[in-house]
Amino acid sequence: MQSTVLALSLSTPFLKLTQISHSKSPKLPGFNFVLGLPRQSPLLALSSSRFSARLCGSFFLSNRRGNSLKVRAASVPENAEDTVKPSGVINTLQLGTMFGAWYILNIYFNIYNKQVLKVYPFPATVTAFQFGFGTLLIALMWASNIVTRPKITPSQFAVIFPLAVVHTMGNLLTNISLGKVAVSFTHTIKAMEPFFTVLLSALFLGERPTIWVVSSLMPIVGGVALSSFTEASFNWTGFYSAMASNLTNQSRNVFSKKFMVKEEETLDNINLLSVITIISFILLVPVAIFLEGIKFTPSYLQSAANQGLNVKELCVRTVLAGFCFHGYQQVSYMILQMVSPVTHAVGNCVKRVVVIVSSVFFFQTRVSPINSLGTAVALAGVFLYSRAKRIKPKPRTA
């Protein structure tokens, strides 16, 4: 039987499908795209520190009669694998471009998001809009067949729904923190994510961390504490919200290991992100209305404009923040299909440094030498943690 290989093209920010003929039909793989989880786990952890297991660069679907997925056939010889693989230089350039896009989108998201929250202090409404904008982009992708719309089974939905709940809470809490304190301080606090991962894994999964992992947590905790004591914009609401976002994000990563779905009920990572985004939007809209009321109506905006708010700039920056929010997450997942989890974790650590430094310069944030030292120590601990995860404990001899 012939089979169809759908390879991910990294030259564009979306999936490009290419059909290659093979003589044998491969076995349908399971979930190989989970972030931060072992390969046997079915779920996607969405955390940016984050959220990682090696992702499968391609997936296989049987070319059966009536298959709803349609791609344009290309005549490729039997030994085409050697010819379609990019060279090492091209692959490195692609990867560098992807990392650059990931960092730039994240920087602009934090800048636009902070600007919006400064003049429009309704984080639930802003977060709901960001999920809504992502939902619109997803609908366009599915309608144009850039990505094939999945068919969600009840068992898949039962697994995805709790992840969408904590994903929603994590992003809402992050925006609450960004609205109360400096961007640099929020990201310094979010460097505590490895601490919560280790703690929750030990409590609920019985995973004992190695001495190297525990050692790497000490500078993380100490650096965040030192930075907090000397932070000029310190606010308890912002501090607790950032800490709570760490807890929710890492709870998602840890508890998702307990869920399993049937191997044949697979979703690619982009569609999983898409489904979670749509669920998060549906969940957050009524919550935003309940907590903050309807704050995005023309009458409210006109009232705000009469008080000096530039409504046009607010709308433009809100849209740009929504685009960057969804864009940087998709690019992050595409990078995970190219590199190892540890490489992605190191890249995420560097990304946090870039975001902190760029926000300090852009917003002219006052940073004391002790505050800078605390931030540097915490981020160094995150880097050591990503390296310590590679060290496997020696098996005990009888």
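No experiment lies behind these values; they were computed from the predicted model shown.
- Phe361 and Val354 end up in different hydrophobic clusters when Ile, Leu, Val, Met, Phe, Trp and Tyr side chains are linked at under 4.5 Å.
- Summarising the local packing, CG of Leu203 is surrounded by more than 12 heavy atoms from other residues, nucleotides or ligands at distances under 6.0 Å.
- In this structure a side-chain-to-backbone donor-acceptor pair under 3.5 Å is missing from Tyr103 to Val355.
- In the hydrophobic clustering of this structure, Phe122 groups with Val119; members are Ile, Leu, Val, Met, Phe, Trp, Tyr whose side-chain heavy atoms approach within less than 4.5 Å, directly or through other members.
- In this structure, Ser233 contributes its side chain and Ala182 its backbone to a donor-acceptor pair below 3.5 Å.
- With respect to the salt-bridge test (charged N to carboxylate O, under 4.0 angstrom), the residues Glu193 and Arg352 qualify.
- Note on residues 315-333: pairs passing salt bridge (Lys or Arg N to Asp or Glu O under 4.0 Å), not counting sequence neighbours, are Glu313-Arg317.
- Ile370 forms part of a hydrophobic cluster together with Leu226, Leu373, Val377, judged by ILVMFWY side-chain heavy-atom separations under 4.5 Å.
- Within the 3.5 Å criterion, the main-chain N or O of Ile189 finds a donor-acceptor partner in the side chain of Asn246.
- Relative orientation of the Phe109 and Tyr328 rings is tilted, given thresholds of 30° and 60° on the angle between their planes.
- A donor-acceptor contact shorter than 3.5 Å links the side chain of Glu292 to the backbone of Ala124.
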Candidate pair Phe131 and His167, rule ring-ring contact (aromatic ring centres under 6.0 Å, His included), full reasoning: CA-CA 11 Å; Phe131 283 128; His167 180 63; 5.7 Å; yes
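- Neither Phe229 nor Val360 shares a network with the other; the hydrophobic side chains, linked directly or stepwise wherever heavy atoms of I, L, V, M, F, W or Y lie under 4.5 Å apart, form separate groups for each.
- Put simply, the side chain of Tyr120 gets close to the backbone of Lys295: a donor and an acceptor are under 3.5 Å apart.
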Do Ser177 and Ser241 pass the side chain to side chain donor-acceptor pair (under 3.5 Å) test, and can you show the C-alpha distance, the side-chain angles, and the key distance before you say yes or no? CA-CA 5 Å; Ser177 178; Ser241 298; 5.8 Å; no
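- Using a distance-only test at 3.5 Å, with no hydrogens or angles considered, a donor-acceptor pair links the side chain of Ser245 to the main chain of Ala242.
- Panel note: side chain Asn113, backbone Asn175; no donor-acceptor pair is recorded below 3.5 Å.
- In plain terms, the two heavy atoms of Ile356 and Leu379 that are nearest each other are CD1-CD1, 4.0 Å.
- Classification of the Phe239-Phe234 ring pair by plane angle, with boundaries at 30° and 60°, yields tilted.
- Residue Leu136 is not grouped with residue Ile278 when hydrophobic side chains (ILVMFWY) are merged at heavy-atom distances under 4.5 angstrom, including chains of intermediate members.
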